[in-house]
Every structure is written in structure tokens, then in C-alpha cells.
> 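Structure below; questions to follow.
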Amino acid sequence: MAYKSELDSIRNIGIMAHIDAGKTTTTERMLFYTGRVHRMGEVDKGTATMDWMTQEQERGITITSAATTCYWRNCTVNIIDTPGHVDFTIEVERSLRILDGAIGIFCAVAGVQPQSETVWRQADRYRVPRIAYINKMDRIGADFLRAINMINKNLGSNAIPVQIPLGSEEAFAGVIDIIKMKAYVFEDGAGDQYLTRELDDIERIEAEGYRERLLDKLALHDDSIMEKYLEGNPISAAEIKCSLRKQTIDNLLVPVLCGSSFKNKGVQMLLDAVVDYLPSPQDIPPITGIEVETGRETIIPVDVDAPLCALAFKIAIDPYVGKLTYFRIYAGKIKVGAQINNSVKDKKERITKILKMHANHREEIEEAGAGDIVAGVGFKETVTGETLCSMERRIILESMNFPEPVIDVVIEPKTKADQDKIGESLRRLAEEDPSFKAGYDEETGQTIISGMGELHLEIIIDRLLREFKVNANVGRPQVAYKETISRSARAEARFERQTGGHGQYAHVILEVNPLTEGQGKVFLDQAPPGIIPKEFIVAIEIGVREALQAGILAGYPVDDIEIKLRGGSYHEIDSSEQAFKVAANMAFKDALNKAQAVLLEPIMDLEIISPEEYLGDVISDLNARRGRVMGFEENRDNRIIKGTVPLAETFGYATHLRSASQGRATFSMEIKNYAEVPESKSKEIVGKRYGSSVRK
């Protein structure tokens, strides 16, 4: 448990990077050198501690963020290893929301890759202090300086080396610490033995040049360093570290280290940097929340003696203990058996177990306090993004934004027993993963699951079949289209029914206007005062929001639209909330007709790395898929093609690209935006909206 005296010795960090940059391999070495595990696991062999899911071990990738705790130089280091695949970006998002610092890992050959940019921007959004680690310095084509230049240019960061490599590619032997002016030389083996030596003359000249540049950067924001630097006085390693720590925590600088995790070189120095430069819970600005009773913003002190305040950031289903709720404690402490409040839902929760997690292994503890990241058993109502607090002081912390799914799959249970089982299974999966959604299409009678990509849904389906034992037929992936409008329009509707008793009457006038992408759905009450009672206005908004779920073209959700209530009328006796919901729905559908509804499709940012000889075929194929080439970059023997392509045209692209390039080209992509579907394609989509075939 973290007490006041211990808070400055806690580091809550995340490991983030593009897929295959070496996140999990680096984490495994960290656990080994800290004594948390006694044998290093390997991703390729499916033995990595942090990749504990069957699906992760089979595919050699990280799918879900895994938490663990280790100890280094009298510090408690809580680590969350996050996925690198774009389909699981929600795992990075919710981890960064509660972390104090992060390590960005980059491949020394590839440099900054597409998902590197995505996770870096996520860290920017939460102002998470970072250090960068250039991994794979032993690979052919490794280029330390190029990687740093890409971090500064592509990510807009202020990255500065605190180490330089001792050799590169096959000759990579260790690192030179430019602050201590020492060389660390690793022998082949587990990497726990290394030689510390003085620099030779050539190494010293190079290291001094880098040290000067580091001091130059530090002096810009540190008057003490500036004064000594200008006067030519010596600056100690301790002074440099102190200044660099402060500027890292303030997000002014990003210290850069290097190594080869797979070859067991440089990871101990990375652990040192975590302790030296990344913040403790006390070093970062305190978070703010809203007091439920007063509605006022309040600062949450990092103090175990303050009232409890924690954020649930992840739900997981454990086969042995049931539902696990991971949460970060910002203030106060919590004990087993305590009753706490979910302030978002105003529900009481009782915690029956508190667990320190080591991937999928559990260590029971009796209490936890400010600065700790733990999992709890016993929560019934709490989901991702909700606040847990004391019964006496209810506070709501800022929640999280989750991306909308871009791809759908139809799933049909094979038997009645499977039908009963699938609903509960999907509910539990959706509770774990806020970027996954499940729904039921009333018109077709089909269950539709939605996710962030083909791999995301492939994993979900695999878990349904193997973990939840559901037998089902699975349809082909379908794009999650949206609908919007291309111009403004106005419509009105009257709903009148006369029966034996009270009748039904409602009259609604609506105006709809298109919004720019990403502005969502906005409802505004601009009716003349008193013309419609307030309770009916609420019903009108509910009716409109229900109608937004299915547009008029092909039944896809309507987005980026503003709906204004302009007027209407009511009857003192015959009007009801239900009547106004119906009238609002009718008026909205009519307005959509007049406003020229259009279909929107997800457009993906695409990056293809291909040998020069296959470039023509790759570009020709991309053009045939309605893709656009935005630019080229050189990458030693390969060319990097950057472009965009509609998601609908990418199904099966990995197989096609491998075939076209004899397995030598690779690609990665992530959602960029939504754009209007060409008219000819739109007619085709609308025509076969409900013609999904199902694989038996």
C-alpha cells in the first residue's frame, strides 16, 4: 500500500508503441532484471508473461493491456503493457488516462510508424510525460539519429538523447551515458552482467558533443543551468538529472535512450531512466473533479488521508474470481469490505477483494491507497470511466471518450441454447471493451456485433466460440456506414388519433442543418417560449434521438446533424409525451427526406512499406480500391507509400499484398475520418443493405 512517505517512490507508467516495436519484449526484460520473474518469456514462443491470453500467444501480439508491479532502486514501478495494433487503441486510451508517465518505444530501423503517432497523440491529449526508447539497435538498417529526427519532426516533440549507441547493427555492444560520461558494454547472455568503463578518446569527443546539446536544451528553461553553462562552470550529473527530470515532467523535453531488448542490452538503463525522469503521483498536477452536491469544480489532493477518489479504467472477466474492476486511486485509501459510492450512477458498491495484478496472476492485499493501481472484486454496477468515491463526498472525475466502431459482423447462434447464451456472453464482452458493441436488427432478426477492425472482431468471435462456448455462424465483415444530410431543411408533423376516451395530439416543427465532421448530434430547443410545455420538449428530443439511430437511406445511424425545434402546438387534454415522441420522429424523417440524405463511409490512413520493384503493382492496386496516394518516403531499400483508402476496399488486403509482393510488403492503417460515398457506390450499398450472407 502507498502511504504519504512512499508516494515519491511510486512510478505508474505505460509502455506504448507501434505493433512489433518491442513493447512486450522490453517489459519481459524489465520484469526479469527487477526479479519479478525468474525466466524471460518470448513473444514469438508464446511464453511472454504479459501476453497471457490464448489469442495473444497464438498470434504473437498484445491484445489487451496487462498490468504488473515490480521494484527497482527502492521504487515501486506499476507497469501497463499496451497493444500496438490500431484495432485495440481503446486499451491505450484508457491506460494513458490513469498513468503518470509513459515509455514510447520506437524501432531503430522503421522509426516513427503510424500507430506510434496515434499513441503519442493520445499521450499528448492527457499530457503524459514520456521518455523514448530506440529499440532494435542490433538490426540491419538501425539508425539512431534518424529515429530521433522522426520523433521531433513527425510527432512535434523535443526529443534529446541522454544515451548514444555503442556501435550499431551487428556491432551494437552497449550504450554511452552522456550525463555520467560512462560506457556500458553488454556481454552475450541474459544481459544481467555488463561492464562499466571509461570512454576512449574518440567516444569522449562524440559524447561531449551530445552533452553540450543536452545542456543547451536544459539551459533554455533552467536559469541555474544557464548561468553555469554561460560562465563555463562544471555542471554535475546530479544537477543535469534534476533539471532533466523537471523538464520531462513539464513535457518540455523527451529524454531518449537506446538498446536492443531482444538481445538483452540497455533495459537496466531504461529502468534507471523511469526512476530518474518519470513522475511520481506527487509530481504531476492534481486532477480535478465535479462535486455532485454543488456542481463546483474541485481539486483532488494526492493524499491517503483525503476522502477516497478513484477512477475505474478497465473491466475484465476472470475465470476464477469473476468480474475484475481495475481502478486508479487518486486520493484516500480503500480496505477490503468497504462500502463506497459510484458517483456517476449514485450506487453503493462493496469491495470484497483487492488485488495487485501481475498479468493474469492475482495477489490479494488488504488495503490500497493514493497512487496505487489495483483491481477490485465485488463491483456490480461500475463500468469503464466511472468514478468511485467515499460515501461522504461524492465527486465525478472526467470520463473517457471511446471511438465508434467502424465494422460490423452478423452472428447467428446455431441452437436455442446458444441463443440464450449469446446475449449474456456479448453483454460481458461489451462490458470489458467499450469499443465493441452488440445489437439486434429488428428487420432482419439478426444479431450484429461491431468493432474497430477485422482483427478486433476476429478476436471477439474467437473468444465467443472458445471461452464462452457459443456455437454460431458468422457472416462476412460489413462496414459500419453512417448517414448525414447535405443541406438544411424544415418539416412539420401532426400526430392525431381519436379513440373512445382521450385522443392523441402532437404538433412539431423541426429544422435540420448539416454539421462538419465530428460535431456529432446536436438538439436545440428554439421554439417560442410557452408554445410547448417543457415535459413535451423532453419527449420531442427523445423521439428525435431514437430516430437518429436509423436513417432513411439504408437504416444506418445519422451523424453530424443539428436539429432545432422551431415550434408546434399541443392540446391541454389530448397531448401526451408518447404523442410528441411519435410526431418528432415523423417530422425528423420528413426533414431528412428534404435535406438530401447521403451515405458516409470510414476512410483509413494507410502506410505501405514495399520493395521498389513492387511499387507499380502496389500503387495500381491501391488506385483500383478507390485509394489515393498522398506521398512517398525513402526507407533504405524500401519505399513507404502514404495514402488513404475506404475501409470497404480493404477486406482481405493483407493476403493480397503479401501475394503481390512475394510476402515482402507490409502495411498498417487506422481510421482517418468519414467521407461521402460516391453516388454509384451508394446505390449499390443501399441496394444490398440486408443481403448479408452468412458462412455456415
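Residues take their numbers from the sequence shown, with the count starting at 1.
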> If every non-hydrogen atom of Ala648 is compared with every non-hydrogen atom of Arg626, which pair is closest and at what distance?
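That closest heavy-atom pairing would be CB-NH2, 4.4 Å.
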
> Thr516 and Gln519: side chain to side chain donor-acceptor pair (under 3.5 Å), yes or no, with the steps?
CA-CA 6 Å; Thr516 55; Gln519 289 190 275; 2.6 Å; yes

> Measure across Arg639 and Phe632 and return the closest heavy-atom pair with its distance rounded to 0.1 Å.
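Scanning both residues completely, I find the closest heavy atoms to be NH2-CB, 3.7 Å.
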
> For residues Glu454 and Ile407, determine if any side-chain heavy atom of one lies less than 4.5 Å from a side-chain heavy atom of the other.
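Yes, side chains in contact.
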
> Check whether any side-chain N or O of Ser575 sits under 3.5 Å from a backbone N or O of His571 as a donor-acceptor pair, and report yes or no.
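Judged by distance alone, yes, a pair lies under 3.5 Å.
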
> Step by step, work out the side chain to side chain donor-acceptor pair (under 3.5 Å) result for Asp408 and Ser450.
CA-CA 4 Å; Asp408 299 334; Ser450 308; 2.6 Å; yes

> Please check if the side chain of Asp574 supplies one atom and the backbone of Gly503 the other of a donor-acceptor pair under 3.5 Å.
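Yes, Asp574 side chain to Gly503 backbone: donor-acceptor pair under 3.5 Å.
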
> Start with the C-alpha gap between Glu412 and Thr447, add the side-chain angles, then the distance that decides, and say whether side chain to side chain donor-acceptor pair (under 3.5 Å) holds.
CA-CA 6 Å; Glu412 294 179 350; Thr447 298; over 6 Å; no

> Donor-acceptor check, side chain of His18 to backbone of Gln115, threshold 3.5 angstrom: yes or no?
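Yes; at least one donor-acceptor contact below 3.5 Å.
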
> Could you tell me whether the side chain of Arg427 and the main chain of Ala438 form a donor-acceptor pair under 3.5 Å?
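Not at all, since once roles are kept as given, no pair shorter than 3.5 Å links the two residues.
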
> Do Leu515 and Val522 have side-chain heavy atoms sitting under 4.5 Å apart?
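A side-chain contact under 4.5 Å exists here.
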
> Considering only NZ, NE, NH1 and NH2 on the basic side and carboxylate oxygens on the acidic side, decide whether Lys581 and Glu577 come within less than 4.0 Å.
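Judged by the 4.0 Å cut-off on N to carboxylate O distance, Lys581 and Glu577 do not form a salt bridge.
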
> What's the separation between atom CD in Glu633 and atom CG in Asn638, rounded to the nearest 0.5 Å?
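Here the interatomic distance stands at 12.5 Å.
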
> Heavy-atom count around Arg121 CZ within 6.0 Å, excluding the residue itself: above 12?
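Above 12, so yes.
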
> Can a donor-acceptor pair be found, under 3.5 Å and without considering hydrogens, that links the side chain of Thr644 to the backbone of Asp605?
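No; judged by distance alone, with no hydrogens or angles, the pair does not exist.
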
> When rounded to the nearest 0.5 angstrom, what is the spacing between CG in Asn673 and CD in Glu601?
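So the gap between those two atoms works out to 10.0 Å.
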
> Can you tell me if Glu679 has over 12 outside heavy atoms packed within less than 6.0 Å of its CD?
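It does not: Glu679 CD has 12 such atoms or fewer within range.
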
> Run the numbers on Ile641 and Ile619 for side chain to side chain contact (heavy atoms under 4.5 Å, CB included), then give the verdict.
CA-CA 8 Å; Ile641 306 162; Ile619 293 172; 4.2 Å; yes

> Side chains of Asp81 and Thr24: any donor to acceptor distance under 3.5 Å?
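There is such a pair between these side chains.
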
> Is it true that the side chains of Asp124 and Gln122 contain a donor and an acceptor less than 3.5 Å apart?
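There is no such pair (donor and acceptor under 3.5 Å, judged by atom type) between the side chains of Asp124 and Gln122.
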
> Salt bridge between Arg466 and Asp462, side-chain N to carboxylate O under 4.0 Å?
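A salt bridge is present here (some side-chain N lies under 4.0 Å from a carboxylate O).
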
> Return yes if some donor-acceptor pair links the side-chain N/O of Glu676 with the main-chain N/O of Val598 below 3.5 Å, else return no.
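No, the answer is negative, given that no donor and acceptor are paired below the 3.5 Å cut-off.
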
> Have a look at Glu386 and tell me which of Lys345, Lys314, Arg94 forms a salt bridge (charged side-chain N to carboxylate O under 4.0 Å, His left out) with it.
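Of the listed residues Lys345, Lys314, Arg94, the salt bridge (charged side-chain N to carboxylate O under 4.0 Å, His left out) partner of Glu386 is Lys345.
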
> Would you give the length of the straight line joining atom CG of Asp559 to atom NZ of Lys521, rounded to the nearest 0.5 angstrom?
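One finds 4.0 Å between CG of Asp559 and NZ of Lys521.
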
> Working to the nearest 0.5 angstrom, can you tell me the gap between Ser661 OG and Ile608 CD1?
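Reported value, rounded in 0.5 Å steps: 10.0 Å.
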
> Closer than 3.5 angstrom, by distance alone: can the side chain of Asn251 be matched with the main-chain N or O of Arg127 as a donor-acceptor pair?
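Yes.
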
> Between Leu657 and Val618, what is the shortest heavy-atom contact and its length?
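What the structure gives for the nearest pair is CD1-CG2, 3.9 Å.
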
> Nearest 0.5 Å, please: how far is CD in Gln578 from CD1 in Ile542?
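Ile542 CD1 to Gln578 CD: 10.0 Å, rounded to 0.5 Å.
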
> Surrounding CD of Glu398 (heavy atoms of other residues, nucleotides or ligands, distance under 6.0 Å), is the total greater than 12?
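Incorrect, the count does not exceed 12.
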
> Less than 4.5 Å apart, any side-chain heavy atom of Ile449 and any of Leu457?
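When only atoms from C-beta onward are counted, Leu457 and Ile449 do touch, with a gap below 4.5 Å.
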
> Looking only at heavy atoms, which two atoms of Ser576 and Gln504 are closest? And how far apart?
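Closest approach of Ser576 to Gln504, heavy atoms only: OG-OE1, 2.8 Å.
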
> Please determine if Glu562 and Lys564 form a salt bridge, counting it only when a charged side-chain N lies under 4.0 Å from a carboxylate O.
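Yes.
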
> State, with a plain yes or no, whether a side-chain heavy atom of Phe468 is found less than 4.5 Å away from one of Arg428.
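Counting from C-beta outward, Phe468 and Arg428 do come under 4.5 Å.
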
> Is the number of heavy atoms from other residues, nucleotides or ligands within 6.0 Å of CZ (Arg125) greater than 12?
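It does: Arg125 CZ has more than 12 such atoms within range.
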
> Would Ile603 and Val645 count as a side chain to side chain contact (heavy atoms under 4.5 Å, CB included) here? Give the steps.
CA-CA 6 Å; Ile603 303 296; Val645 64; over 6 Å; no

> Would you mind reporting whether Trp120 and Arg130 have side-chain heavy atoms less than 4.5 Å apart?
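Side chain of Arg130 against side chain of Trp120, heavy atoms only: contact under 4.5 Å found.
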
> Would you say His507 and Ser569 are linked by a side-chain donor-acceptor pair, where the criterion is simply a distance under 3.5 Å?
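Note: Ser569 and His507 side chains meet the donor-acceptor criterion.
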
> Within this structure, what is the OG-CD1 distance for the pair Ser95 and Ile80, rounded to the nearest 0.5 Å?
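Spacing of OG (Ser95) from CD1 (Ile80) equals 4.5 Å.
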
> Under a 4.0 Å threshold between the charged nitrogen and the carboxylate oxygen, would Glu649 count as salt-bridged to Lys681?
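The answer is yes: the pair qualifies as a salt bridge.
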
> Leu600 and Glu483: side chain to side chain contact (heavy atoms under 4.5 Å, CB included), yes or no, with the steps?
CA-CA 6 Å; Leu600 300 175; Glu483 297 182 24; over 6 Å; no

> Is a side-chain N or O of Lys421 found less than 3.5 angstrom from the main chain of Lys469, in a donor-acceptor match?
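Yes; judged by distance alone, with no hydrogens or angles, the pair exists.
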
> Ser620 vs Asn623, test: side chain to side chain donor-acceptor pair (under 3.5 Å). Steps then yes/no.
CA-CA 5 Å; Ser620 175; Asn623 291 334; over 6 Å; no

> What do you reckon, are the aromatic ring centroids of Tyr570 and Tyr505 less than 6.0 Å apart?
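That pair fails the under 6.0 Å test.
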
> Is the shortest side-chain heavy-atom distance between Leu311 and Arg97 below 4.5 Å?
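A side-chain contact exists here, since the closest heavy-atom pair is under 4.5 Å.
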
> Do the side chains of Phe402 and Phe436 get nearer than 4.5 Å, heavy atoms only?
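Side chain of Phe436 against side chain of Phe402, heavy atoms only: no contact under 4.5 Å found.
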
> Less than 4.5 Å apart, side chain to side chain, heavy atoms only: is that true for Asp621 and Tyr653?
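Of all side-chain heavy-atom pairs linking Tyr653 with Asp621, at least one is under 4.5 Å.
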
> Determine whether Val109 and Asp143 satisfy the following criterion, side chain to side chain contact (heavy atoms under 4.5 Å, CB included), listing intermediate values before the conclusion.
CA-CA 6 Å; Val109 180; Asp143 192 329; over 6 Å; no

> Between Thr484 and Asp560, is there a side-chain donor-acceptor contact under 3.5 Å, judged purely by atom types and distance?
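On atom types as modelled, these side chains do not qualify, holding no pair under 3.5 Å.
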
> Report yes or no: does Lys594 contribute a side-chain atom to a donor-acceptor pair with the main-chain N or O of Arg490 at less than 3.5 Å?
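It does hold such a pair.
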
> Answer yes or no for Lys482 and Tyr674: cation-pi contact, defined as NZ/CZ to six-membered ring centre under 6.0 Å and angle to ring axis within 45°.
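Positive - Lys482 is close enough to the ring of Tyr674 and near enough to its axis.
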
> Salt bridge check, Glu458 against Arg463: does any charged N sit closer than 4.0 Å to a carboxylate O?
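No.
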
> State, to 0.1 Å, how close Val470 and Ser425 come at their nearest heavy-atom pair, and which atoms those are.
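Looks like CG2-OG, 3.7 Å.
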
> Which pair of heavy atoms, one from Lys23 and one from Ile105, lies closest together, and at what distance?
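Closest approach of Lys23 to Ile105, heavy atoms only: CA-CD1, 3.8 Å.
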
